[in-house]
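To start, the structure itself, in structure tokens.
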Number of protein chains: 2
Amino acid sequence: MKRIAMLATNGFEESELTSPKEALEKQGWRVDIVGLKPGSIKSWKDGNWGDSFNVTLTVKEGLSENYDALVLPGGVMNPDNLRTDETAIEFIRNFFKQGKPVAAICHGPWSLINAEVVEGRTLTSFPSIRKDLENAGANWVDKEVVVDQALVTSRKPDDLPAFNSKLIEEIKEGKHEHQHA
Amino acid sequence: MKRIAMLATNGFEESELTSPKEALEKQGWRVDIVGLKPGSIKSWKDGNWGDSFNVTLTVKEGLSENYDALVLPGGVMNPDNLRTDETAIEFIRNFFKQGKPVAAICHGPWSLINAEVVEGRTLTSFPSIRKDLENAGANWVDKEVVVDQALVTSRKPDDLPAFNSKLIEEIKEGKHEHQHA
């Protein structure tokens, strides 16, 4: 059985966590919500705070070695918090080092800049962080889903069906030698 | 009488607009709130939506030539919106072109990346956007207030007293030949 980590904290866009989680669980796979602290995290939904979601384990307890893939939901405040946490950034970087699939949507790719893994990669994101990704060396394109050697990215909640489908494909393919940190 | 523009939209950190506004008005100066659309904008306060503030005029109506300086408050969602608006970015860039003082606090400096005015400049910001500013060519330092040739920056609401004081100093000095776009 595949095991997938979703790394998120307060302010994650609710549908960008629940929709991929459901799609992955339908495959019979296990999805863990990895947070910065034990307890629960609050979503962002329709322009306001949404529901609370229990964290499966913290990023200090979570070992990238135990997972087959990583998913990074968006929301503006979520990556704004994650990217200042060195343990979270190290956790992300380790998936790239191990050549494992990583999928990020909306503002999710923002954290990849701090993990220093976007140079030379083709990807997309919410348009507001385009310039930051380009300045970090990424080749930014405007498509509903972009797959570059096990790195799957999308722009916004509307892209979720395409995002989930490519994410599942990449997890089925497994490790990718060109995915690197 | 000096005239100062504060450019902001929904999600601006309330104290980062009200505190400099009050300090500037105490000097007998006029402060306009410039928004993306007519009407009002909602602040962000203590981790939630705060009060609504009337916009004096829109960025389409606002002429940088009519102002002596520009202030950019922070808040995560505020610049995330501003930086995707080409008219807002052009408005910001014009203050640099005219050598006028610009002050930005917290996530405020984020928009300066899109205005392409940070290369070679020494500045500070909320730490989450440090990497984006460095990748855009800025020299990021960790100080309560940084003044580099009419560009005044601070990290967070706690820095407001130092920020306001340097901002007033720079406005009194007027245009600066080394402030440029």
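Sequence lines set the chain letters: A, B, ... in the order given, protein chains first and strands last, and positions in each chain run from 1.
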Legend entry - Residue A:Asn48 versus chain B: region with a heavy atom under 4.5 Å: both
Inset, instruction - Under 4.5 Å heavy-atom distance to chain A, tell me which part of B:Glu134 shows up: side chain, backbone, both or neither. - result: neither
Legend entry - Parallel, tilted or perpendicular: rings of A:Trp44 and B:Trp49 (30°, 60°): tilted
Legend entry - Shared hydrophobic cluster for A:Leu36 and A:Ile33 (ILVMFWY, side-chain gaps under 4.5 Å): no
Inset, instruction - Count the heavy-atom pairs under 4.5 Å between each of A:Thr84, A:Asp132, A:Val76, A:Asn135 and chain B, then report the option with the highest count. - result: A:Asp132
Legend entry - Heavy-atom closest contact (B:Asn114 atom, A:Lys131 atom, distance): ND2-CB, 4.0 Å
Inset, instruction - Check the hydrophobic clustering (I, L, V, M, F, W, Y; side-chain heavy atoms under 4.5 Å; chains of links allowed) and say if B:Met6 and B:Phe95 are grouped together. - result: no
Inset, instruction - Mark yes when over 12 heavy atoms from residues, nucleotides or ligands other than A:Glu173 sit less than 6.0 Å from its CD; otherwise mark no. - result: yes
Legend entry - Residue B:Asn10 versus chain A: region with a heavy atom under 4.5 Å: neither
Inset, instruction - Would you indicate whether A:Glu25, at its atom CD, is surrounded by more than 12 heavy atoms from other residues, nucleotides or ligands within a distance under 6.0 Å? - result: yes
Legend entry - Heavy-atom neighbours of A:Lys166 NZ exceed 12 at 6.0 Å: no
Inset, instruction - Supply the atom-to-atom distance B:Ile129 CD1 to A:Asp80 CG, rounded to the nearest 0.5 angstrom. - result: 8.0 Å
Legend entry - Over 12 non-hydrogen atoms of neighbours within 6.0 angstrom of NZ in B:Lys45: no
